Amino acid sequence: MSQEKIDIHGLLGRMPLFSALSADDLQHVADATREKRIQKGEMLFQRGDQPKGFYYVIFGQIKLAFSSPNGNEKVVEILGPHQSFGEAVMFMDRQYPVFAESLADTLLLHITRDAVFNLIDQDSGFARRMLAGMAIRLHSIVRDVESYSLRSSTQRVVGYLLQQVPDAPCANAQVDVDLPTSKQIIASRLNLTPETLSRIFHDLSDAGLITVQGKHIALHNVDKLRNYEG
């Protein structure tokens, strides 16, 4: 991984959370922020570690997960560039309930707890922006629980594939997507076994809706895929 020095001040200034800060406040945050570079497969923190701030992904990919008593791994979230994590646990002053592992070479910013708390004391607008960000994350978790509870395995997979479509496609157009991580991790994220995910991909292929080549998937007709019941 390249080790050239990064512009922490500039990166923080482009984050929506910090975009309205004064130059002095932004500099205070930058002074309390450190870059963290980790290689693919490296642990950022373990379940049970005590948080000292929160993280923001510059590039790369982070997996949040926990291991069940029988040794199976459940992926809670997959985070990529321009996403943050760890804010809620930081505020609760509790140990991390999950572990964080890099799925690719990753560069993060670690913003310390003290810097965040000082800003909250000084700037109500900053506090509102941070609360809004955590609320968005909470709504995403609720949608996940709803999906696991109310949607079939096939509907979950189709929904995930449609989330990878970058823009609104033309009617009946083919869209090519690249899965952001391994099928095993995606299966865990969707609360499926890898075997179930492979079967659903096979069924969708037999229906003429997709073609799977490794991590590359061609969606032959997004409208038909959206309406597919399996």
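Side chains included, hydrogens not; waters and symmetry mates left out as well; all remaining heavy atoms used. Bear in mind the structure is a predicted one, so any value in this text is a computation, not a measurement.
In this structure the side chain of Asp178 reaches within 4.5 angstrom of the side chain of His216, judged on heavy atoms. In this structure, Ile62 and Leu108 have side chains that are in contact, with non-hydrogen atoms separated by less than 4.5 Å. Residues Tyr56 and His110 have side chains not in contact (no heavy-atom distance under 4.5 Å, counting atoms from C-beta outward). A 4.5 Å side-chain heavy-atom check between Leu21 and Leu12 finds every atom pair outside the cut-off. Contact annotation: the side chain of Arg129 approaches that of Asp123 to within less than 4.5 Å [non-hydrogen atoms, C-beta and beyond]. Annotation: side chain of Leu204 is in contact with side chain of Leu225 (closest heavy-atom distance under 4.5 Å). The closest side-chain heavy-atom distance from Phe91 to Ile120 is below 4.5 Å.
Between the CE atom in Met90 and the CZ atom in Phe85 there is a gap of 12.5 Å [rounded to 0.5 Å]. Annotation: the span from Glu101 atom CD to Leu103 atom CG amounts to 6.5 Å, rounded to 0.5 Å. Note that CG of Leu209 and CG of Asp203 are 10.5 Å apart. Values are rounded to the nearest 0.5 Å. Of the inter-residue distances, the one linking Leu64 atom CG with Lys74 atom NZ reads 11.0 Å to the nearest 0.5 angstrom. The structure places CG of Asp25 at 5.5 Å from CG of Leu119, a figure rounded to the nearest 0.5 Å. Note that CD of Gln27 and OG of Ser22 are 10.5 Å apart. Values are rounded to the nearest 0.5 Å.
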From CA spacing to verdict: side-chain contact (heavy atoms from CB on, under 4.5 Å), Asn221, Tyr228: CA-CA 11 Å; Asn221 188 310; Tyr228 181 74; over 6 Å; no
Applying side chain to side chain donor-acceptor pair (under 3.5 Å) to Asp93 and Gln50, what does each step give before you reach the verdict? CA-CA 8 Å; Asp93 196 25; Gln50 193 71 31; 3.3 Å; yes
Is there a side chain to side chain donor-acceptor pair (under 3.5 Å) between His28 and Asp24? Walk through the geometry before answering. CA-CA 6 Å; His28 286 312; Asp24 286 344; over 6 Å; no
Given Ile6 and Arg37, is the side-chain contact (heavy atoms from CB on, under 4.5 Å) satisfied, shown in steps? CA-CA 11 Å; Ile6 65 170; Arg37 297 173 187 265; 3.3 Å; yes
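Taking hydrophobic clusters as Ile, Leu, Val, Met, Phe, Trp and Tyr residues chained together by side-chain heavy-atom distances below 4.5 Å, Val222 shares a cluster with Ile210. Ile185 and Met43 sit in two unconnected hydrophobic clusters of ILVMFWY residues. Membership requires side-chain heavy atoms under 4.5 Å apart, directly or through other members. When the side chains of ILVMFWY residues are joined at heavy-atom separations under 4.5 Å, either directly or via intervening members, Val89 and Leu138 end up in two distinct hydrophobic clusters. Note on Phe99: it does not cluster hydrophobically with Leu79, by side-chain heavy-atom contacts below 4.5 Å among ILVMFWY residues. Taking hydrophobic clusters as Ile, Leu, Val, Met, Phe, Trp and Tyr residues chained together by side-chain heavy-atom distances below 4.5 Å, Leu219 shares a cluster with Ile186.
Formation of a donor-acceptor pair under 3.5 Å by the Ser102 side chain with backbone atoms of Glu42 is found in this model. In this structure, Gln164 contributes its side chain and Leu161 its backbone to no donor-acceptor pair below 3.5 Å. Judged purely by atom type and a 3.5 angstrom limit, Ser188 uses its side chain to pair as donor or acceptor with the backbone of Val75. Arg189 places a side-chain N or O within 3.5 Å of a backbone atom of Val76 that can act as its donor or acceptor partner. Under the 3.5 Å distance criterion, the side-chain polar atoms of Asp105 are matched with a main-chain donor or acceptor of Lys40. Between the side chain of Arg34 and the backbone N or O of Asp31 there is at least one donor-acceptor pair closer than 3.5 Å. Side-chain N or O atoms of Gln61 include one that pairs as donor or acceptor with a backbone N or O of Pro180 at under 3.5 Å.
Taking the six-membered ring where the residue is Trp, Phe45 and Tyr96 present parallel rings, their angle staying beneath 30° rather than reaching 60°.
Considering every non-hydrogen atom in both Phe54 and Gly86, the closest pair reads CB-C, 3.8 Å. Between Ser153 and Leu192, the closest heavy-atom pair is OG-CD2, 3.4 Å. Shortest non-hydrogen contact noted between Ala30 and His9 is CB-CA, 4.1 Å. Scanning both residues, Thr106 and Ala104, for their nearest heavy atoms gives OG1-O, 2.6 Å. Nearest heavy atoms, Pro194 versus Gln184: CG-CG, 4.2 Å. Heavy-atom minimum distance, Ile200 versus Thr154: CD1-N, 3.7 Å.
Checking each of Val157, Thr196, Asp206 against Phe201 for a side-chain contact (heavy atoms from CB on, under 4.5 Å) leaves exactly one that passes, namely Val157.
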